[in-house]
Amino acid sequence: MAELRHSSSIGARASSSPMKRDEDASPFIPDTQPNENDDDDSRGRHVHKDRDRSFWSHFQSLCPFLSDDSRVSYHSSRIPLFLLIFVVLVGLISIFSIVKRLNAPYLCRKDGIVLHCPDVKEAPSLWENPYSATTSWKPCAERRDGGISDLPPENETSGYIFIHAEGGLNQQRIAICNAVAVAKIMNATLILPVLKQDQIWKDQTKFEDIFDVDHFIDYLKDDVRIVRDIPDWFTDKSELFSSIRRTVKNIPKYAPAQFYIDNVLPRVKEKKIMALKPFVDRLGYDNVPPEINRLRCRVNYHALKFLPEIEQMADLLASRMRNRTGSSNPYMALHLRFEKGMVGLSFCDFVGTRDEKAKMAEYRKKEWPRRYKNGSHLWQLALQKRKEGRCPLEPGEVAVILRAMGYPKETQIYVASGQVYGGQNRMAPLRNMFPFLVTKEELATKEELDKFRKHVTSLAALDFLVCLKSDVFVMTHGGNFAKLIIGARRYMGHQLKSIKPDKGLMSKSFGDPYMGWATFVEDVIVTHQTRTGLPEETFPNYDLWENPLTPCMCKA
């Protein structure tokens with residue numbers, strides 16, 4: 001618990017003795033009196049006494065009339081009277097500041113609920129990244145007008161490939177981008193992907209219900225040949241996913257381009273039409289040619305456009321966020337991943353009643369029996385995951401971090417989230433500290449949203465766009481939604497802030513009873529200076545969707 005931070009955050013300030021840290025009030029628990037029998041604490045007190053005595057002796061040397069030595073008098077002092085008065089005033093102001101700091105309201109927690117958090121003055125840099133740090137790179141994946149098409153004639157393609165894009169909207173988006181890239185690698189014709197219904201999302205949305213098909217096909221016409229449906233000459237369409245002879249199922253995750261050339265292309269040439277299943281994360285990043293990665297960025301940022309009615313509704317919601325107070329204001333978008341399914345899947349431990357914990361244990365045992373086993377190993381696993389920063393942030397924890405960063409209670413926050421586990425009780429700390437917090441259901445009328453409720457994916461698209469357009473985007477856990485938002489905002493020029501909390505460091509800070517609020521604030525600010533979506537060089541096995549710097553962006 002005493003170990004607090006890695007070297008990149010505070011380095012020289014880290015100490016293994018909690019009594020040597022700031023003596024300001026802890027933001028997490030009220031101060032307690034030290035045990036007089038504790039040798040370490042006694043040594044700590046002696047250190048402070050010596051330090052105080054040294055300060056007082058120095059002060060007496062400047063102000064001899066305050067000395068208890070009767071031989072020293074005011075009249076014998078050579079220091080001018082006005083200098084003495086000045087020094088006394090400075091001393092009084094310093095003492096007043098120290099007392100005020102020690103008596104400042106501190107952040108306290110009771111049963112996991114944040115009770116109070118001091119206000120921090122808003123700084124001008126809260127809403128955008130430094131301009132000087134965002135001018136070195138520019139997007140360059142867009143196809144320029146007048147470019148030379150390298151698309152072969154229709155009768156010279158290798159054949160047709162067909163995929164089912166599985167999962168939620170953002171997983172489907174990645175699958176579509178990968179499908180275009182794979183078609184390019186094999187010189188094949190891509191049949192418009194089908195958005196597959198799965199057990200979680202329960203959605204029957206088609207590609208044309210969410211994306212602009214005409215723009216998609218036209219924009220990529222010089223890159224890949226795309227057709228709307230399976231060719232008429234292929235009569236048994238259901239055979240594509242029911243026949244082993246027509247399906248490639250052995251594609252490894254993050255496969256290189258060469259795998260498709262060696263193992264999939266021969267079958268496409270032989271059968272003329274092949275389905276690829278499954279197709280989640282079936283193409284790597286650093287084991288494909290740079291032009292293939294640029295093509296994936298071209299699909300993601302330029303070819304895949306939502307339908308006009310979705311774009312218009314998202315613009316309306318963003319406009320309402322900026323004008324809620326009658327004047328123009330910036331707004332923050334918060335992707336709060338704390339749904340029951342995410343909490344269960346994380347296998348982390350969270351504050352709650354015995355009844356809640358028992359119900360969550362039963363839920364995990366039912367949904368993930370192999371991971372649950374008999375449950376005896378889960379407590380240690382939960383501690384390890386929290387230490388490594390692999391647990392979702394609770395709403396109250398998010399509130400504390402945002403306040404430490406300097407965002408005031410007047411901050412306009414748009415929350416993109418499913419049903420939060422624990423309901424209003426769990427959301428209370430966040431709402432209390434940031435009362436100007438809304439969801440799309442609170443921002444729009446029922447009638448406005450009804451036309452989008454037919455397709456769950458359409459509602460997800462609204463959240464995606466409002467988050468994309470926000471002045472500041474904050475994620476609380478991983479996932480394709482956050483990755484794609486952060487990547488898109490980087491591709492747009494890195495100027496829009498995308499805050500990615502250091503959950504490992506935060507978990508240590510939240511568990512440290514000796515940390516004062518001022519120290520916590522400093523740690524949060526210093527740690528997150530480089531976690532706001534600024535340009536980052538890519539590295540082996542980097543995620544193209546979160547960091548499109550190269551090869552999708554060029555030096556300005």
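Position 1 is the first residue of the sequence; numbering continues from there.
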Closer than 4.0 angstrom, basic N to acidic O: yes or no for [X] and [Y]?
| X | Y | answer |
| --- | --- | --- |
| Glu410 | Arg403 | no |
| Lys385 | Asp349 | no |
| Asp463 | Lys440 | yes |
| Lys305 | Glu311 | no |

(Q) Enumerate the disulfide bond (SG atoms under 2.5 Å apart) contacts for residues 409-512, please, sequence neighbours excluded, ordered by first and then second residue. (A) none
Q) Does NZ or CZ of Arg386 lie under 6.0 Å from the centre of the six-membered ring of Phe350, at an angle within 45° of the ring axis? A) yes
Q | Pi-cation contact, Phe338 with Arg426 (under 6.0 Å, within 45°) | A | no
Does the [X] side chain pair with the main chain of [Y], one donor and one acceptor, at a distance under 3.5 Å?
| X | Y | result |
| --- | --- | --- |
| Asp502 | Leu505 | yes |
| Ser498 | Val472 | no |
| Asn323 | Ser319 | yes |
| His477 | His335 | no |
| Arg324 | Gln412 | no |
| Thr527 | Asp523 | yes |
| Arg298 | Glu142 | no |

**Q.** Check: Tyr301 ring centre within less than 6.0 Å of Tyr491 ring centre
**A.** yes
Q) Parallel under 30°, tilted from 30 to 60°, perpendicular over 60°: which one fits the rings of Phe520 and Phe510? A) tilted
Q: Classify the angle between the aromatic ring planes of Phe481 and Phe473 as parallel (below 30°), tilted (30 to 60°) or perpendicular (above 60°).
A: tilted
For residues 532-539, please give each side-chain donor-acceptor pair under 3.5 Å, one per line with the distance, not counting sequence neighbours.
from: Thr532; atom 1: OG1; to: Asn129; atom 2: OD1; distance (Å): 2.7
from: Glu536; atom 1: OE2; to: Arg490; atom 2: NH2; distance (Å): 3.0
from: Thr538; atom 1: OG1; to: Thr550; atom 2: OG1; distance (Å): 2.8

Q | Option from Met360, Met342, Glu394 for which side chain to side chain contact (heavy atoms under 4.5 Å, CB included) with Tyr421 holds | A | Met360
(Q) Out of the candidates Leu169, Ile310, Asp209, Ile210, only one should pair with His455 under the side chain to side chain contact (heavy atoms under 4.5 Å, CB included) rule; please name it. (A) Asp209
Q: Using disulfide (SG to SG under 2.5 Å) as the criterion, list what pairs up with Cys552, not counting sequence neighbours.
A: Cys297
